[in-house]
Amino acid sequence: MKAIVYGSKSCVWCDRVSHMLEDCEVEIEKLDITESDNMEMMREAAGEKARTVPQVVIDGKYIGGFGETERFLRKEKLLYAEEGHPLGI
């Protein structure tokens, strides 16, 4: 799996979602929305109403923010709520 994480350098939730994806062995590409055309690319992927970060796209499919990404990973059985998981959740 490959994910694109749209975010900013000062976004704590962007860091958290990136770490969660990496812990689930998902390859990530981080795009800072304050640089070049990344904001427009985020809006193309997430829709014009997307105003917050992080916004995550996995394998070309728009997933959403942190909560939606966490639910997606659980549904795909990549993230488990059990003791011993790298995230401890």
Side-chain angles (χ1 to χ4, degrees):
M1 285 186 158
K2 182 174 180 180
I4 299 172
V5 177
Y6 294 96
S8 67
K9 293 176 181 148
S10 62
C11 171
V12 174
W13 289 103
C14 300
D15 292 338
R16 288 182 183 178
V17 81
S18 294
H19 291 303
M20 179 172 59
L21 289 162
E22 288 171 338
D23 286 346
C24 292
E25 299 182 5
V26 175
E27 180 184 341
I28 65 165
E29 176 182 1
K30 296 179 184 179
L31 296 178
D32 189 332
I33 61 164
T34 65
E35 296 176 5
S36 63
D37 296 325
N38 292 343
M39 174 66 91
E40 184 59 34
M41 289 171 48
M42 181 186 85
R43 289 210 171 129
E44 286 176 15
E48 288 296 318
K49 293 184 180 182
R51 305 220 183 275
T52 61
V53 289
Q55 296 295 325
V56 178
V57 175
I58 298 178
D59 291 339
K61 178 183 175 188
Y62 172 64
I63 304 300
F66 181 91
E68 292 86 3
T69 302
E70 182 180 40
R71 284 190 291 278
F72 174 83
L73 294 172
R74 287 185 195 281
K75 180 181 170 201
E76 295 295 312
K77 308 243 188 280
L78 297 173
L79 182 66
Y80 300 96
E82 59 186 51
E83 190 173 330
H85 188 275
L87 295 178
I89 56 174

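Numbers here simply count residues along the sequence, with the first being 1.
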(request) Identify, with sequence neighbours excluded, every residue that meets side chain to side chain contact (heavy atoms under 4.5 Å, CB included) alongside M1. (result) V26, I58, D59, F72, E76, L78
(request) Could you list the residues that satisfy side chain to side chain contact (heavy atoms under 4.5 Å, CB included) with K49, not counting sequence neighbours? (result) none
(message) Let's go through D23 and L79 carefully: what are the C-alpha distance in whole Å and the side-chain angles of both, what is the deciding distance for side-chain contact (heavy atoms from CB on, under 4.5 Å) to 0.1 Å, and is it a yes or a no?
(response) CA-CA 9 Å; D23 286 346; L79 182 66; over 6 Å; no
Shortest non-hydrogen separation from [X] to [Y] and the atoms involved:
{"X": "V53", "Y": "I33", "answer": "CG1-CD1, 3.7 Å"}
{"X": "Y6", "Y": "C14", "answer": "O-SG, 4.4 Å"}
{"X": "T69", "Y": "G64", "answer": "OG1-O, 3.8 Å"}
{"X": "G65", "Y": "Q55", "answer": "N-OE1, 4.2 Å"}
{"X": "S18", "Y": "K30", "answer": "OG-CE, 3.4 Å"}

(message) Could you see if M20 belongs to whatever hydrophobic cluster contains I4? Use Ile, Leu, Val, Met, Phe, Trp, Tyr and a side-chain cutoff under 4.5 Å.
(response) no
(request) Please identify each residue that fulfils ring-ring contact (aromatic ring centres under 6.0 Å, His included) with F66, with sequence neighbours left out. (result) W13
(message) Any heavy-atom pair between the side chains of K9 and E35 that's under 4.5 Å?
(response) yes
(request) Supply the atom-to-atom distance M39 CE to R51 CZ, rounded to the nearest 0.5 angstrom. (result) 8.5 Å
(request) Determine, stepwise, if the pair M42 / L31 fulfils side-chain contact (heavy atoms from CB on, under 4.5 Å). (result) CA-CA 9 Å; M42 181 186 85; L31 296 178; over 6 Å; no
